[in-house]
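A short write-up of the structure that comes next.
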Amino acid sequence: MNPANYLILAALLFTIGTVGVLVRRNAIVVFMSIELMLNAVNLTLVTFSRIQGTLDGQIMAFFVMVVAAAEVVIGLAIILSIFRTRRSASVDDVNLLKY
Amino acid sequence: MTDHPLHYAAASGVFSLSWLLIVLPLAGAAVLLLGGRRTDRVGHIVGTIAAASSFVLGVVLFAALLGRDGDDRALSQHLFSWIPVNGFQVDAGLLVDQLSIVFVLLITGVGTLIHIYSIGYMAHDPARRKFFAHMNLFLASMLLLVLGNNFLSLYAGWELVGLSSYLLIKFWEDRPAAATAANKAFYMNRVGDVGLALAIMFMFATVGSTGFADVFGAAAGGVIGYGTVTAIALLLLLGACGKSGQFPLQAWLPDAMEGPTPISALIHAATMVTAGVYLIVRAAPIFNETQAARTVVVIIGAITILLGCVIGCAYDDIKKVLAYSTVSQIGYMFLAVGLGPAGYALGIMHLLAHGFFKAGLFLGAGSVIHAMDDDQDMRRYGGLWRYMPITWVTFGLGYLAIIGFPGLSGFFTKDRIIETAFDKGGTSGYLLGAIALLGAGITAFYMTRLFLMTFHGKARWSSEDPEGSQGQPVRHPHESSASMTGPMIVLAIGSTFAGGLFVLGHSLQDWLEPVAGEGVEGVHTFSPLVLTLLTLVVTIGGFAAAYLRYQLRPVESVAPADSEVTLVTVAARHDLFANTFNETVAMRPGQYLTRFLVWLDLVGVDGLVRGGAAGIGGLSGRMRRLQTGFVRSYALSMLGGAVLVVGALLLVRAG
């Protein structure tokens, strides 16, 4: 199978993730969109690793996963505590820090 | 090379003490100023002792100079290295020679007398200690001026006398007129001081030194070009005009009469205002090289003689008349020294004689003012001779001396100046001589007017009670105390005999010859006898005019209005519009300039700064709105930024 297809898929996933971050209000959904973007990047890395025939990209993908896992822990904790105080998971309700 | 002593002998023996001349009065001033109120009770005694001890030392030095050879009477003393910079060495040093010692004697002698006089005159002033402190400071500064052996020391003294003059003019600083007069004196002196400072810079640039020996050696040796030497001479002259109240910088001197009368006598008649004459005679080797500058000196002297005389006739304030008389007498000195080697000694001679009789006249005026309850208007005097006999006699002797009564000081010194002016020869000689002669006549007129209005005629005051005084001011004139009459008597003796002593066997001229050069005995335009008679006739004419007008006719106790007197009198009452001129030419444009600069600062500089700040503030206020607090809009801008970076990278790669 042509590796370029994987790249196209990754681009599609990244775009979906980006649009999701920009247009959705629910913090959980925004979070999931970010995960989608990260995994699109992972897919790209693995694909290039395959094309090049080296392991560098795959190792990088592992790093991204570890970082993403840590990020999910912190991010979900923040979202949870916000939800507890504000009774809302909408990112537009958290706009106190402004001009 | 020249007959000028370019190498001064080193001071030794008693002359190594010459620095004490300056330090004694300086110490007096320091004690009185630093001691504060604790020295209030002894202030006048400390000040007088400091001045007197300096005078005694001056006499000792003079006697020691007399004991030396005629060619060996210039002694220079190195004190300390003042400004030791590589390539620029200025040493502080003193020069005791024939010229400076006569000035030392005049300054400390008259100074001591006026200190004694002030004990009585200022007895009731709460700030008497400060007065004596400032007088001592003045003595020290003036001695530094005449004793310095280089132009920079002279300049330091020059500025310090300006400062002490300022402090003493505004001694009664709660009077607005005194404060203004002090500022005016300071500003106008500044104009002259700039000239002196520039002259010194010129000297340093061309000769590389400011020492008298180096500069005069270079000038006499022809090292300095004619243009430069003329420029230096003219700049020195500007300084001299400022300090000596000569045209066109004369307007401050009459206003300086706002100071206490002893100050008018000491600083603004006898000593400080003659510093300009000292400067020109001291710089004789420079002026000898440039005919052009000497001509300017003569012209300024001639103009000032007439200007002072004419204005002196119009004032009713006794001190103002004496002030303009000083201006005109210094004009005589300038005229004399401008005539070159023939006149240097004559200028100094008239200066010394003037120091005696003008100081005496001012002290007499102070005595009268004291007796008349601080009223200075002569129109409210009259008939005082019966009440103040000592003042009348001493003032009378000073008066006779200034108008040139035969046998008294002014007769010898002023006549010689008139004679030398005529001897200059040519049309200019006749013109200068005629002006000097005319000046002598007008001097006789206004001095007689002053004398008659003050001491003779009907009393225009009343000793009755207010009911019986018929509108006249109530006065109880009395003779002054001994501490005031004593100095007046000494000065009157000086005014009587000094002139004769100076000319006796050419004593003063011979004494000054090493400094001032040998007076060439030129061809006489008129024989001295004819000229003496001519001067006498003119003087008697002036006297007679005043006698007819102010003795045989009653004097109005209120000055006639401007509409009733001639145009000349109106002009003279307004100082020949010198103040108007200064205000139009210098003061108003200066004010307009400062106003413009203030406007420029407010609108231009401040506008730029404030405008910039406001612009940035407004811009940030708008840019602040970008921070909405909505996470998604931040995300959008991050995306936009990332797209931009990627786009830019692609563009660079592709290009």
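Chain letters run A, B, ... following the sequence lines, proteins first and then strands; every chain starts at 1. Source: prediction; values computed, not measured.
- The environment of B:Met587 atom CE is dense: over 12 non-hydrogen atoms of other residues, nucleotides or ligands sit within 6.0 angstrom.
- Annotation: B:Phe204, atom CZ; neighbour count of heavy atoms from other residues, nucleotides and ligands within 6.0 Å is above 12.
- More than 12 heavy-atom neighbours from other residues, nucleotides or ligands sit within 6.0 angstrom of CG on B:Leu650.
- In A:Phe62, the CZ atom is not crowded: 12 or fewer heavy atoms of neighbouring residues, nucleotides or ligands sit closer than 6.0 Å.
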Between chain B and chain A, which N/O donor-acceptor pairs sit under 3.5 Å?
from     : atom 1 : to      : atom 2 : distance (Å)
B:Gln627 : O      : A:Tyr99 : N      : 3.2
B:Arg632 : NE     : A:Asp92 : OD1    : 3.2
B:Arg632 : NH1    : A:Leu22 : O      : 3.2
B:Arg632 : NH1    : A:Val23 : O      : 3.4
B:Arg632 : NH2    : A:Asp92 : OD1    : 3.3
B:Arg632 : NH2    : A:Asp92 : OD2    : 2.6

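- Only the side chain of B:Leu639 comes within contact range of chain A, judged by heavy atoms closer than 4.5 Å.
- A:Val30 does not touch chain B: none of its heavy atoms, backbone or side chain, sits under 4.5 Å away.
- Around the OH atom of B:Tyr592, the shell of radius 6.0 Å holds no more than 12 heavy atoms that belong to other residues, nucleotides or ligands.
- With a 4.5 angstrom heavy-atom cutoff, A:Leu97 touches chain B only via backbone atoms.
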